[in-house]
*Asks:* 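Handing you this structure, nothing more for now.
Heads up: numbering here begins at 1 and tracks the sequence. Excluded from the calculations below are hydrogen atoms, water molecules and symmetry mates; all remaining heavy atoms, backbone and side chain alike, are included.
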Amino acid sequence: RSLPPQKYYPPDFDPAKIPKLKLPKDRQYVVRLMAPFNMRCKTCGEYIYKGKKFNARKETVQNEVYLGLPIFRFYIKCTRCLAEITFKTDPENTDYTMEHGATRNFQAEKLLEEEEKRLQKEREEEELNNPMKVLENRTKDSKLEMEVLENLQELKELNQRQANVDFEAMLKQYKEYEEEQKRREQE
């Protein structure tokens, strides 16, 4: 078994004297990544699906941080027309945001969530200013809850009625009916 190569450090060696590399702040690195979402190129209309692998350039976005986390920008090229597409990390929503070169597909779910959040915020603001609105919303909620419970009860009763049906007897009756039909045909 061979040993790893040994390094000799002279007794007067001082690591502090090693010159530091002065790298620019906006230095770009080449990284291999997968497309984080489905997108469509604005130049040629090519669909780029989530999970497609790219060699991308990565850089730290200057003057942009979220709670001390740096935000990264990625540059990829369209697979068909080689147009440049850029997107950034979005740590606030644990997601990525499209910058330019393409449009993001299938955002219906995200839009729906945002709409729900907005409605909830509006309701809370309204309730803060208007104590009567709190009461109205409470009564509306309790009415809705009662309706849901009634519907549930109806469904349970329907299921109960369904459970009382004797399937064995039904099958037996059908078998007898089939035998009767065969007898008639033979006659």
*Asks:* May I have the step-by-step check of side-chain contact (heavy atoms from CB on, under 4.5 Å) for K42 and T103, ending in yes or no?
*Replies:* CA-CA 7 Å; K42 281 181 181 173; T103 51; 3.5 Å; yes

*Asks:* Is there a donor in the side chain of Y177 and an acceptor in the side chain of Q181, or the other way round, less than 3.5 Å apart?
*Replies:*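 Yes, Q181 and Y177 have a side-chain donor paired with an acceptor closer than 3.5 Å.
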
*Asks:* Closest approach of M34 and G51, non-hydrogen atoms and distance?
*Replies:*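 Shortest heavy-atom separation between M34 and G51 comes out as CG-O, 3.7 Å.
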
*Asks:* Just how far is it from atom CZ of F37 to atom CG of D95, taken to the nearest 0.5 Å?
*Replies:* 7.5 Å

*Asks:* Tell me whether E122 is salt-bridged to R118, with the criterion being a basic N under 4.0 Å from an acidic carboxylate O.
*Replies:* yes

*Asks:* Could you tell me whether K117 and E114 have a side-chain N and a carboxylate O separated by less than 4.0 Å?
*Replies:* no

*Asks:* In Å, rounded to the nearest 0.5 Å, how long is the span from CD of Q160 to CD of Q153?
*Replies:* 10.0 Å

*Asks:* Atom CD in E145, atom CG in L152: separation rounded to 0.5 Å?
*Replies:* 11.5 Å

*Asks:* Does a side-chain N-to-carboxylate-O contact under 4.0 Å join E84 and R57?
*Replies:*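 Judged by the 4.0 Å cut-off on N to carboxylate O distance, E84 and R57 do form a salt bridge.
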
*Asks:* Closest heavy-atom contact between C44 and R80?
*Replies:* O-NH2, 3.5 Å

*Asks:* Taking it one step at a time, do Y66 and D90 satisfy side-chain contact (heavy atoms from CB on, under 4.5 Å)?
*Replies:* CA-CA 8 Å; Y66 173 73; D90 182 13; over 6 Å; no

*Asks:* Can you tell me how far the NZ atom of K88 sits from the CD atom of E59, to the nearest 0.5 Å?
*Replies:*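 That separation rounds to 10.5 Å.
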
*Asks:* Can you see which heavy atom on I76 is nearest to which on A56, and at what distance?
*Replies:* CG2-CB, 3.6 Å

*Asks:* Between Y75 and V31, is there a shared hydrophobic cluster once you connect ILVMFWY residues whose side-chain heavy atoms come closer than 4.5 Å?
*Replies:*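 No, Y75 does not connect to V31 through the hydrophobic network.
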
*Asks:* Among Q28, E99, Q62, exactly one meets side-chain contact (heavy atoms from CB on, under 4.5 Å) together with R73. Which residue is that?
*Replies:*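 Single pass found, and it is E99.
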
*Asks:* Is any side-chain heavy atom of F54 less than 4.5 Å from a side-chain heavy atom of F74?
*Replies:*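 The answer is no, as the side chains (C-beta and beyond) never meet within the 4.5 Å cut-off.
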
*Asks:* So, K175 and E178, do they make that salt bridge, N to O below 4.0 Å?
*Replies:* no

*Asks:* How long is the span from the CD1 atom in I48 to the NZ atom in K77, to the nearest 0.5 Å?
*Replies:* 12.0 Å

*Asks:* Salt bridge or not between R123 and E126? Use side-chain N to carboxylate O under 4.0 Å.
*Replies:*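 Looking at R123 and E126, the cut-off is not met.
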
*Asks:* Under the salt bridge (Lys or Arg N to Asp or Glu O under 4.0 Å) criterion, do E180 and R183 qualify, and how do the steps go?
*Replies:* CA-CA 5 Å; E180 185 69 34; R183 217 176 294 128; 3.1 Å; yes

*Asks:* If you count heavy atoms of other groups shown closer than 6.0 angstrom to CG of D12, is the number above 12?
*Replies:*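 More than 12 heavy atoms, drawn from other residues, nucleotides or ligands, come within 6.0 Å of this atom.
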
*Asks:* On a heavy-atom basis, which atom in Y96 and which in P36 lie closest, and how many Å separate them?
*Replies:* CD1-CB, 3.4 Å

*Asks:* Which pair of heavy atoms, one from E46 and one from C78, lies closest together, and at what distance?
*Replies:* CB-SG, 4.0 Å

*Asks:* Hey, what do you get for CD1 (I85) to OG1 (T79), rounding to the nearest 0.5 Å?
*Replies:* 7.5 Å

*Asks:* In this structure, are over 12 heavy atoms from other groups packed under 6.0 Å from E136 atom CD?
*Replies:* yes

*Asks:* Are F87 and T97 side-chain neighbours, meaning at least one heavy-atom pair lies under 4.5 Å?
*Replies:* no

*Asks:* Hey, could you give me each pair passing ring pair (Phe, Tyr, Trp, His ring centres under 6.0 Å) that has a residue in residues 5-31? Not counting sequence neighbours.
*Replies:* Y9-F13

